[in-house]
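Below is one structure; the comments refer to it alone.
In what follows, chains carry the letters A, B, and so on, assigned in the order in which the sequence lines appear, proteins first and then strands, with residues in each chain numbered from 1.
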Amino acid sequence: MSEVELNAPQAQAVAHRSGPLLVFAGAGSGKTRVITYRIANLVAQERVPAHRILAVTFTNKAAREMRERLEGLLGEELARRLWVGTFHSLGAKLLRLHGSSIGLKSDFAIYDGTDQKALVARILKDLKVDDKRFPAKVILGQIGQHKQKNVNPDDVNADSAHLEVFVEVWRNYEARMRAANALDFEDILLRSGELLDAELKLGVVGVRERFDHVLVDEFQDTNGTQYRWLKGLAQFHTNLCVVGDDDQSIYGWRGADVRNIQSFRRDHPDAEVVKLEQNYRSTGHIVEAALAIVSKTAVREPKKLWTENEPGEPIHVVDLADERAEAAFALRCIREAIEEGASPKDFAVFYRIHAQSRVLEEALRTARIAYKVVGGMRFYERSEIKDAIAYLRLALNPASDVDFLRVVNVPTRGIGQTTVERLAERAKRLGKPLFQVIDGLEEESSIAAAARKKLEAFRSLVHGLQRSLVQDTPSGFVDRVLEETGYRKALEKEDSVEADGRLENLEELRSALLDFERECELRSEPATMAGWLENAALHSEADAVVGESVCLMTVHAAKGLEFPYVVLTGMEEELFPYRGLDPGERDELDEERRLAYVAITRARERLVCTHVRTRQLFGQTRVGVESRFLRELPKHTVERLRVDAYGRVVAAAAPARAYASSAAGSERRVDTSYFDDVPAEEGGLRPGSFVRHGTFGLGRIRSLERRGQEIAAQVEFKGLGVKTIYARFLVAEE
DNA sequence: TGCCACGCCCTTTTT
DNA sequence: GGGCGTGGCA
């Protein structure tokens, strides 16, 4: 597809001038192009002032990419005036500018999930609520759900003891957030929504009038609050353009509501609807396979993804002994492709859950192939970084109890649990933040003089930091914090591998601040600690560029990405589709199906799907049954391979006739070409070697023979005599 | 107060 | 398998 040419539906979406627009954008259909072209078109052709266009994404990465593209189309100057960002960064920006009209101080802090959890845990303790019956995680989940439905604690009909407790905890949570001048992620949207209402009531020209066009990417991922937020912003002009794909809705479990697409239609009956169904990314087989799987979802907007691309190679479905064989096989695929001239970065290995990554990592590490695990522990979630940030926030706002509690005894300075407990009682009694009630502690008979001295020393420490806050640069300030709190010294003293890692991370934090300072200088803005903290709260890991490495990631993390070669592992029932402990009442199978659709459509040229007979997971051995999703793949798009415990192909099912004829003439790699060097007959099993069978257990091979496509083995099982077993039912025992 | 052993429980995750 | 919280002990 040339860079300027748009197909008819794309052009239609781009040229749509005003009023509501709903774009269904299938995987690989050029969605990003449409949205960026549309914005560019509004600015360049329709003469909409750039600063009156608001474009919303879910992740900072997506926002950055969109901005970069727009810079390319419009030039830096114009692109910079556009409002491009995540729901939360844009919401926070509006609140910092206009929040005073709803009584919000502009220097509010933003609490992330960890902060929230710490706060709830604290409240449970203070209210003496059993955290077994009311786990902080569950409470937070419920608070979030209610907030998403725009429900207040007052609205909850607390008709059970259980609910009563919940509501009380929730009220406390809100009160303490207010006292700490903090907002959680949901609050950012709720409060900026309130702002709109307040302005409407006051009749002031405000946020609503700021924008002429609102555009939303990944609309299927919006939750209730986000949808209401959008509606509020676009209520007057209804120039609301939403782009999404219900087939890629994979975040239902965290509140995303695909039904917002239906709500959009209901709320805007006049909306123009455009469907982008042509895929430009993948081979014909891949597109066909993906569509076959997602078509079976119970509820979905009718769409038919298609492509003009060549059918390409068949999708390889590989049957393996266990997860180690699976890893070895993935490794072989990667090596083969690298020998052919591919780069490691062309490869991605997907899995359903993180726990699957370990074995894959081991295989790649041993083979000295550069890899990167996407996701996992995020930088700002590491404890040392959170500690440092807690100090920074405490210096800015000593009323923040969550931060106080986090670092009051880090590194240990003899302020134990009992002392903190008593201080908390005093704070509760006086209705003041913890930090403040260190003042006048001598009147507190329950707190010993020694403990009081330590608390007072801590108070001086924080006061000292507050004073330097004014004069230091942010990076200098972090340095000072690490020094004066003794944090760095404590880690140096520990002198362990972990401590070294933490010191490195803190160094990384400092360089992040240096970057921030440099950036501010470029924009001739003052580099303040508060400014950076906002940045840190809203940005997760600086989505490091992946470089020359093979990417390992969950299927969720893969959304929005594409790779020439993909290995999709763990395609077994119970694992993918995943079955948790409780069967789950939501249409989880549908979401798993969409997840499989996302996984498959990431691959451009070559897709290998693996499944295993047995898998060690969570310390248990599970018996694997091939995933229904693989069985649903159209036969002619698939070629099945069977591989032994050593990663060698034992047998390849004959390519389906339909495929062989349809692909005639087109250049392609054929079936077992990964393994030309391996005589299939051997299959890793040889007379004398030990094997395991699902029913008969451990046995020893007496002889092997070929029977058509199959290898049959004479196996002697202890106490059971000799049996003839097809090799595919045997697992080599080491 | 700090360390360690033990048991528990286990999806997916952005802001 | 392993991260995390708890509870017992030095």
Would you check, one step at a time, whether the test side-chain hydrogen bond (donor to acceptor under 3.5 Å, both in side chains) holds for A:Asp107 with A:Asn181? CA-CA 8 Å; A:Asp107 62 343; A:Asn181 190 25; 3.0 Å; yes
Value in whole Å for how far the P atom of B:dT11 lies from NZ of A:Lys559: 21 Å
Report yes or no: do A:Thr222 and A:Asn260 form a side-chain donor-acceptor pair below 3.5 Å? yes
Describe the nucleic acid contact of A:Gly113 in one word from base, sugar-phosphate, nothing, applying a heavy-atom distance below 4.0 Å. nothing
Give the nucleotide from the list B:dT12, B:dT13, B:dG2 with an atom nearest to the side chain of A:Ile353. B:dT12
Tell me the interatomic distance from A:Arg579, atom CZ, to B:dC9, atom P, rounded to whole angstroms. 22 Å
Is there a donor on the side chain of A:Arg352 or the base of B:dT12 sitting less than 3.5 Å from an acceptor on the other? yes
Nearest to the side chain of A:Glu588, which nucleotide is it out of B:dT13, B:dT11, B:dT15? B:dT11
Start at the 5' end of DNA chain B and walk down; is the nucleotide closest to A:Asn409 or to A:Phe618 reached first? A:Asn409
Write down the distance separating the P atoms in C:dC4 and B:dT13, rounded off to the nearest Å. 16 Å
Do any side-chain nitrogens or oxygens of A:Thr554 fall under 4.0 Å of OP1 or OP2 in B:dT13? yes
Take atom CG of A:Leu124 and atom P of C:dG5, then tell me their distance rounded to the nearest Å. 14 Å
Hey, could you give me the NZ/CG distance between A:Lys117 and A:Asp112, rounded to the nearest 0.5 Å? 11.5 Å
Given atom CZ of A:Arg615 and atom C1' of C:dG1, what is their separation to the nearest angstrom? 14 Å
For atom CD of A:Gln148 and atom C1' of B:dT15, their distance in whole Å: 12 Å
Rounding to a whole Å, what distance do you find between A:Lys137:NZ and C:dG3:P? 16 Å
Given B:dT15, B:dT13, B:dT11, identify the nucleotide with an atom nearest to the side chain of A:Asn60. B:dT15
Has A:Phe87 got its ring stacked on B:dT15, by the test of a centre gap below 5.5 Å and a plane angle below 30°? no
Over all strands shown, is A:Ile415 touching base, sugar-phosphate only, or nothing at heavy-atom distances under 4.0 angstrom? sugar-phosphate
Short side-chain N/O contact from A:His354 to OP1 or OP2 of C:dG2, under 4.0 Å: no
Separation of C:dG2 C1' from A:Gln356 CD (nearest whole Å): 16 Å
Can you check whether A:Arg122 reaches A:Leu405 side chain to side chain, under 4.5 Å on heavy atoms? yes
Using a 4.0 Å heavy-atom cut-off across all strands, classify A:Phe58 as base, sugar-phosphate, or nothing. sugar-phosphate
Hey, are A:Glu186 and A:Thr225 close enough side-chain-wise for a donor-acceptor pair under 3.5 Å? yes
Calculate the interatomic distance between A:Gln226 atom CD and B:dT14 atom C1'; express it in whole Å. 9 Å
Side chains of A:Tyr597 and A:Thr297 only: does a donor on one sit below 3.5 Å from an acceptor on the other? no
Whichever of A:His556 and A:Thr419 has the more 5' nearest nucleotide on DNA chain B, that residue is A:Thr419
What is the glycosidic conformation of B:dT12: syn, defined as within 90° of 0, or anti? anti
Proximal nucleotide (of C:dG2, B:dT11, B:dT14) relative to the A:Thr59 side chain: B:dT14
Between A:Thr412 and B:dG2, does any side-chain N or O lie under 4.0 Å from OP1 or OP2? yes
